[in-house]
Amino acid sequence: MSPTVAEISLPALRHNLLEVVRRAGPSAILAVVKANAYGHGAVPVSRALLAAGAQRLGVATVIEGVELREAGITAPILVMSGGFAGELPALLEYRLTPVLPSLETVMVLAHHVAGRAAPLPVHLKIDTGMGRLGLSAREVEALLDGGWPSSLRLEGVMSHLASADDRDATATEEQLVQFRAILEIVKRAGMAPIAHIAGSAGVLRFPASHFDMVRPGLMLYGYTPGAMKVNTLEPVLTWKTYVVQVKRIAPGQAVSYGGSFVARRPTTAAVLAIGYADGYSRGLSNQGRVLINGGIAPVIGRVCMDLTMVDVTEFPSVKADDEVVLLGRQGSTSITADNLADQLGTISYEILTGIGPRVVRVYRE
Ligand SMILES: *Cc1c(COP(=O)(O)O)cnc(C)c1O
């Protein structure tokens with residue numbers, strides 16, 4: 001029996017990186033590979049993207065950065081989510097570049113690395129409207145007036161766009177104005193760090209947001225934020241499982257926990273080797289659809305931890321071991337992460353990052 005797998009197309013990944021290059025032109029590319037490369041497998045995806053021209057990698061946490069270093073990846077790695085109390089020794093040992101989101105983190109780190117041979121490269125995070133991590137313009141001015149600490153090297157100044165996928169561009173343009181003002185302050189202090197603010201939505205919609213470097217995540221995996229439609233991207237991941245057993249359900253008989261599905265007609269059910277522990281959300285109970293033998297079969301009853309049932313009455317040839325596509329293409333039909341997200345009232349990001357560790361990642365050339 002083949003296990004439940006997520007097949008990753010490396011050609012599609014490279015194609016999407018070239019779509020970033022095509023749009024962001026001379027700006028450097030930091031490929032965002034946090035959250036296990038959005039569920040695609042951090043190490044193989046990072047290797048493929050670096051080989052195809054990405055210069056840097058972005059992760060959320062120190063542990064994610066350590067995983068890449070342990071795998072032998074030497075490219076610069078930016079740890080973007082701050083909060084490394086207790087992780088500073090690992091950050092330094094593994095040569096990870098921290099994003100500093102507050103005056104306090106600048107001071108603590110400057111003190112911690114004082115006396116090292118070379119200043120530690122860091123990126124400063126500015127809050128230009130996201131209302132999350134980052135210094136305000138006033139804090140940046142205060143920091144630079146007080147003199148930038150000599151134990152740190154300001155390698156980058158960054159911010160994050162909150163609404164770049166909105167139809168209304170006002171909020172983004174406002175953030176860009178703020179960001180430029182900060183860059184001006186930094187320049188007046190005699191420094192020339194790498195400026196970066198654009199994720200996928202910025203790459204796709206706001207050329208003025210590209211600055212020295214872009215930080216695409218989602219679009220590398222073939223999807224776009226919000227309602228943006230970009231049909232030149234290719235989804236990278238195909239999520240497959242298989243039929244464990246086929247069984248007949250008599251009219252009146254219930255299926256799965258709680259008996260939420262009751263057969264009204266003689267029904268053929270296929271039991272699939274996928275469950276919510278794999279990231280196939282329980283919210284798809286009596287809602288989801290899968291591709292099987294060239295057709296679309298609906299989920300019946302509750303999605304269980306390890307198993308899910310679908311109605312294959314219309315597909316009498318279905319048998320144990322048949323391949324089932326949960327996300328991706330089978331023949332001329334496809335299910336996208338956006339389709340699943342719409343059904344679940346979420347976004348493609350959550351679908352992809354939710355694919356669990358039990359699902360075996362397989363890489364295809
Ligand atoms: C996750 C993340 C990105 C990538 O965003 P996408 O919308 O997936 O392109 C960029 N920058 C930061 C700081 C992030 O946390």
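We count ligands from 1, going down the list as the structure has it; atoms in each ligand are counted the same way.
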*asked:* Parallel, tilted or perpendicular: which one describes the rings of His196 and His123, with boundaries at 30° and 60°?
replied: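 Rings of His196 and His123: perpendicular, over 60°.
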Handout entry: Geometric class of the His40/Tyr221 ring pair [parallel <30°, tilted 30-60°, perpendicular >60°]
Key =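 Ring orientation, 0 to 90° scale: tilted.
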Qualifying residue for side-chain contact (heavy atoms from CB on, under 4.5 Å) with Tyr223, from Leu233, Thr336, Val230, Ile351: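 Among Leu233, Thr336, Val230, Ile351, the one that satisfies the side-chain contact (heavy atoms from CB on, under 4.5 Å) with Tyr223 is Thr336.
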Exercise for the section: Run the salt-bridge test on Arg138 and Glu141 with the 4.0 Å N-O cut-off and return the result as yes or no. Expected result: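 Glu141 and Arg138: not salt-bridged.
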Cationic N near anionic O, under 4.0 Å, Glu64 to Lys34:
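Between Lys34 and Glu64 there is no salt bridge, as every charged N stays at least 4.0 Å from the carboxylate O atoms.
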- prompt: Using a threshold of 4.0 angstrom between heavy atoms of the protein and any atom of ligand 1, which residues qualify?
  reply: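 Ligand 1 pocket, heavy atoms under 4.0 Å: Val32, Lys34, Tyr38, Met80, His160, Gly199, Ser200, Arg215, Pro216, Gly217, Leu218, Tyr349.
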Discussion item. For Thr4 and Arg358: C-alpha separation, side-chain torsions, deciding distance, then whether side-chain contact (heavy atoms from CB on, under 4.5 Å) applies.
Written reply: CA-CA 8 Å; Thr4 296; Arg358 202 162 62 177; over 6 Å; no
